[in-house]
Amino acid sequence: MQNIRQIISERVGQVLQSQWGVQLGENAAQVRPSGDTKFGDYQSNCAMGLARQLGLKPRDVAQAIMANLNIADICEPPEIAGPGFINFRLKPEYLTNALDRVPSIPHPPVELATGETLQDRLGMPKSTTRQIIPIDMSSPNLAKEMHVGHLRPTVIGDAVARILEFIGHQVHRLNHVGDWGTQFGMLVQYIRDIPDQWLTDKILGEDELISQLDSTGLDEASLADLIRNMIRTKESPVAVIKIQDLEEFYIRAKDKFDRDPEFAQRARQAVVRLQNHEPEILVTWLAFRSESLEHCHKIYEILTIENLIDRGESFYNEMLPGVVQELLEKGVAVESDGAICVFPSGFKGRDGEPLPLIIRKSDGGFGYATTDLAALKHRITVMHADRIIYVVGNQQKQHFEMLFAALKMIGWKKETDSPDNQIAQAKACGSLTETIHLATGMLLKEDGSPFKTREGGTVKLKDLLNEAVERCRAFLQANEANPEKQRGYSPEQIEHMAKVIGIAAVKYFELSHHYGTDYRFDWEEMLALEGNTAPYMLYAYARIQSILRKSANGGERTTNNERQTTVLTHPAELALAKQLLRFPEIIEQLGSELRPNLLTEYLYDLSKTFSTFYDRKTGVRVVDAENAVARQTRLLLCELTGRALKLGLSLLGIGTLDRM
RNA sequence: GUUCCCGUAGCUCAAUUGGAUAGAGCGUUGGCCUCCGAAGCCAAAGGUUACAGGUUCAACUCCUGUCGGGAACGCCA
């Protein structure tokens, strides 16, 4: 599929360059879709700005552009309107041609060597530049269970990852979990003190413990020896932890920590013992970490989040002293009130004093700023990241601004310490690593208050997802009980549909809002069959599949050969064709703007255009169309719309149903 | 107190980063099933974009101020 906006932009750009020597790039031609169809399909707004620079009249500039423009293969003769807008109206033959050139889905589907099915790209090419992009996403604290606040960084991060992968980049989904520090000393000590009813049978063997070590960045080889040794001298299995309710467990430990000074003292000692890698403590910590991660991954499974790398704070632990040392040597960090700090310029605190990034506390310990800097260094110098994205709540906005400012002071680049690394050398020729904080807004209850339980506690993400599925199940069951609406689905089918629709509804509702704004979690709105919702989108998709099934009697399919008879005439056909062909423009925009809500908006427009196209009153007949040409044209439109919906939803991490 | 973000239709949200008459959905009102999935479609009403100035061909968007809401601000993450 071709990017029409880009083509027009290039054509206009050529004129700008040849006539006035305008530097291209940055969309100098200012081509965009028209706001109103009466102005055509696309418009160029460059004449006004250019006229000012050249000292000419805007309409004269527009006239000159048109006189030199070679675009008759795509559009009707452009028109000048208003102060100097140039309006373009696409030719139906051009649209027909563009649709015909979209490759068919291979039948049977092509399987890759990896076992995956080749993704339908609707004929959209991959980007020629392939960036390495770590995305810091989800990142729950392993001390507690995941709560509703983790929904946004998880779902948005995954969608951004999928979109960038589709464009052609190499994405690493990094789960920067909180798995280190004071809280974990407390929890580990609590486990060792009180093997109560919270801990039941769950056996963690040697292999599992060592595989856990792998993702912590601790010195795997020597620690593995320690653990093996411990197992030999004691009874295997080594770690027995199964926590019924992680949240409740944390609350109890915290309560004991606050009330019992003696326990608190031992908890603090446990932190030190953990830092020193004492096997007994380390093994308990690994077991707890494993247990907690399992809770998270159950959620990720429900949300169909895959390829997440659990690389938490502990992973960078060994790097921290070196980072502080390096910053001191570079003169970036200084001592202040006993702590080692970086003072990026432009940040002021309560008293107007410069605001520090504390990289070593006065007691010698390291905080999250140090970990974040170490992670930046690792991602830049070891992973060779071209772009680093953080999907993290907007409360941390200032923290990231300071972090990025500190990075500029430090100057880490994509080269590694070893100069013989050729890949690194090649990468180092490129630009500096770009750092982006996608600051997510808050999730609010329907009344606009913060999302808490009646008791003021956090709402577990698991409970919220369960409720979504339950509500869908109830709806589907009610439909089946209604003689007018029932479709004869089995309980198993209903269960499957409830899961797909329920999770899709939550994710889609999330993604259809701008990531930065606070939004209200409204069940009715989210599960509504009208409006910009997952159920509406899935319904449109299911209808299309139904049409294609009906048309496919006798194994008939649209193929490239048949498509040569495609002719667009009816306004509904033209509208749908134009909408379909905007897909590449949205993908292009997403590559730089990282805003999944642009995609939801597009998909909603597309489904709406389809509903109008297919409507009894306003639309056209498809399967039983007036003639063979109309039938084939319309079936092609249906097929492509279905594929676009499926592809678009898949880029958001949302599945589809052939029936619902 | 300082800094940053936000304020758009009755409600929930958009607005392609300065472009033409600010768009959707819900709700309200009125139409459309002899027909491929009506879980749908069409139409109407609804706005001084918090307020006051400014910048320019053009401002929801940029600048200044006011009011209202939120967040961050030295050893928690």
Side-chain angles (χ1 to χ4, degrees), chain A residues 5 30 32-36 38-39 43 45 48-49 51-52 57-58 81-85 87 139 141 143 178 180-183 313 336-341 346-363 365 367-369 371-372 393-399 401 439 441-442 446 448 475 479 485 487 512-514 516-520 522 524-525 528-533 535-536 538-540 542-547 549-551 585-586 589 593 595 597-598 600-602 604-605 608 611-612 614-619 621-625 634 638 659-660:
Chain A
R5 191 208 62 78
Q30 293 190 45
R32 57 198 70 183
S34 297
D36 191 324
K38 81 176 178 201
F39 298 128
Q43 63 184 58
N45 301 340
M48 284 85 80
R52 184 171 195 77
K57 289 179 183 167
F85 298 104
N87 293 331
S139 307
N141 183 346
W180 200 252
T182 322
Q183 286 180 331
E313 290 167 353
S336 169
D337 291 345
I340 308 294
C341 305
F347 296 92
K348 290 203 161 88
R350 227 178 267 281
D351 314 321
E353 299 286 311
L355 204 57
L357 213 48
I358 298 174
I359 60 170
R360 192 170 74 200
K361 296 187 282 185
S362 49
D363 68 1
Y368 72 128
T371 310
D372 282 341
N394 61 16
Q395 297 92 330
Q396 299 205 42
K397 188 168 189 257
Q398 185 181 253
H399 170 67
E401 282 170 357
M442 284 220 298
E446 283 183 54
F475 177 86
N479 260 7
K485 293 188 171 179
R487 297 192 190 280
S512 63
H513 291 88
H514 189 292
T517 55
D518 298 345
Y519 76 93
R520 298 183 185 206
D522 186 326
E524 286 204 14
E525 204 179 320
L529 296 145
E530 292 168 2
N532 190 5
T533 66
Y536 178 87
L538 294 177
Y539 175 65
R543 282 168 98 191
I544 291 170
Q545 297 316 302
S546 173
I547 297 165
R549 277 194 299 272
K550 281 209 164 56
S551 74
E585 297 165 19
I586 303 301
Q589 202 182 345
E593 292 210 40
R595 278 175 37 192
N597 73 313
L598 293 174
T600 60
E601 207 169 315
Y602 168 74
Y604 178 55
D605 285 342
K608 261 187 70 155
S611 291
T612 306
Y614 189 62
D615 186 67
R616 292 171 185 177
K617 206 71 177 182
T618 54
R621 306 295 301 176
V622 177
V623 177
D624 52 358
R634 291 166 192 173
C638 287
R659 298 179 159 82
M660 66 181 273

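Each chain gets a letter, A, B and so on, in the order its sequence line appears, and its residues count up from 1.
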For atom [atom1] of [X] and atom [atom2] of [N], their distance in whole Å:
X: A/Asp605; N: B/rG23; atom1: CG; atom2: C1'; answer: 10 Å
X: A/Gln398; N: B/rC4; atom1: CD; atom2: C1'; answer: 8 Å
X: A/Lys397; N: B/rA77; atom1: NZ; atom2: C1'; answer: 20 Å
X: A/Asn479; N: B/rG37; atom1: CG; atom2: P; answer: 16 Å
X: A/Asp615; N: B/rC36; atom1: CG; atom2: P; answer: 12 Å
X: A/Tyr519; N: B/rA24; atom1: OH; atom2: P; answer: 24 Å
X: A/Leu529; N: B/rG37; atom1: CG; atom2: C1'; answer: 13 Å
X: A/Ile586; N: B/rA15; atom1: CD1; atom2: C1'; answer: 13 Å

Is the shortest side-chain heavy-atom distance between A/Asp518 and A/His513 below 4.5 Å?
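A side-chain contact under 4.5 Å is absent here.
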
From the options [options], select the nucleotide whose nearest atom is closest to the side chain of [X].
X: A/Arg350; options: B/rC73, B/rC36, B/rA38; result: B/rC73
X: A/Met48; options: B/rC57, B/rC32, B/rU16; result: B/rC57
X: A/Lys485; options: B/rA39, B/rG19, B/rC41; result: B/rA39
X: A/Arg621; options: B/rA20, B/rC35, B/rG40; result: B/rC35
X: A/Gln395; options: B/rA71, B/rG37, B/rA20; result: B/rA71
X: A/Arg52; options: B/rC57, B/rC41, B/rU16; result: B/rC57

Touch class at under 4.0 angstrom, heavy-atom based, for [X] against every strand present:
X: A/Ser336; answer: base
X: A/Asn532; answer: nothing
X: A/Asp522; answer: nothing
X: A/Leu355; answer: sugar-phosphate
X: A/His514; answer: sugar-phosphate
X: A/Ser362; answer: base
X: A/Asp518; answer: sugar-phosphate
X: A/Gly367; answer: sugar-phosphate
X: A/Glu524; answer: nothing
X: A/Arg595; answer: base
X: A/Ala81; answer: base
X: A/Asp337; answer: base
X: A/Met442; answer: nothing
X: A/Pro356; answer: base

Check whether any side-chain nitrogen or oxygen of [X] sits under 4.0 Å from OP1 or OP2 of [N], and answer yes or no.
X: A/Lys361; N: B/rC76; answer: yes
X: A/Lys57; N: B/rC57; answer: no
X: A/Arg32; N: B/rG19; answer: yes
X: A/Lys608; N: B/rG25; answer: yes
X: A/Arg634; N: B/rC36; answer: no
X: A/Arg520; N: B/rU12; answer: yes
X: A/Thr612; N: B/rG40; answer: no
X: A/Tyr536; N: B/rC41; answer: yes

Residue whose nearest RNA chain B nucleotide is more 5′ - A/Asp363 or A/Asp36:
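Counting from the 5' end, the first nearest nucleotide belongs to A/Asp36.
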
Using the closest heavy atom to pick a nucleotide of RNA chain B for each, name whichever of A/Asn87 or A/Phe475 lands nearer the 5' end.
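The answer here is A/Asn87.
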
Can you find a donor-acceptor pair, distance only, under 3.5 Å between [X] side chain and [N] base?
X: A/Thr533; N: B/rG25; answer: no
X: A/Tyr368; N: B/rA77; answer: yes
X: A/Gln43; N: B/rA20; answer: yes
X: A/Arg616; N: B/rA38; answer: yes
X: A/Arg487; N: B/rG37; answer: yes

Distance between the [atom1] atoms of [N] and [M], in whole angstroms?
N: B/rU61; M: B/rG23; atom1: C1'; answer: 15 Å
N: B/rG19; M: B/rU66; atom1: C1'; answer: 29 Å
N: B/rG27; M: B/rC41; atom1: P; answer: 13 Å
N: B/rA24; M: B/rC36; atom1: C1'; answer: 28 Å
N: B/rU8; M: B/rG69; atom1: C1'; answer: 15 Å
N: B/rC32; M: B/rC11; atom1: C1'; answer: 27 Å
N: B/rU49; M: B/rA20; atom1: P; answer: 14 Å
N: B/rA39; M: B/rU12; atom1: P; answer: 29 Å

Considering all heavy atoms of both residues, which atom of A/Arg634 and which atom of A/Ala625 are nearest to each other, and what is their separation?
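Heavy atoms of A/Arg634 and A/Ala625 come nearest at NH1-CB, 3.7 Å.
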
Drop me the distance from A/Arg520's CZ to A/Met442's CE, to the nearest 0.5 angstrom.
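Going from CZ on A/Arg520 over to CE on A/Met442, the span is 11.5 Å.
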
Is B/rU64 in the syn or the anti form, by the rule that syn lies within 90° of 0?
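Glycosidic conformation of B/rU64: anti.
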
Chi-based syn or anti call at B/rC33, which uses purine or pyrimidine torsion atoms and a 90° bound
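This nucleotide is in syn.
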
Let me see the working for A/Ser512 and A/Tyr604 under side chain to side chain donor-acceptor pair (under 3.5 Å), right down to the final yes or no.
CA-CA 10 Å; A/Ser512 63; A/Tyr604 178 55; over 6 Å; no

Does B/rG1 have a Watson-Crick or wobble partner in any strand here, with both distances under 3.5 angstrom, and which is it?
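Checking every strand shown, B/rG1 finds its partner in B/rC73, with both distances under 3.5 Å.
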
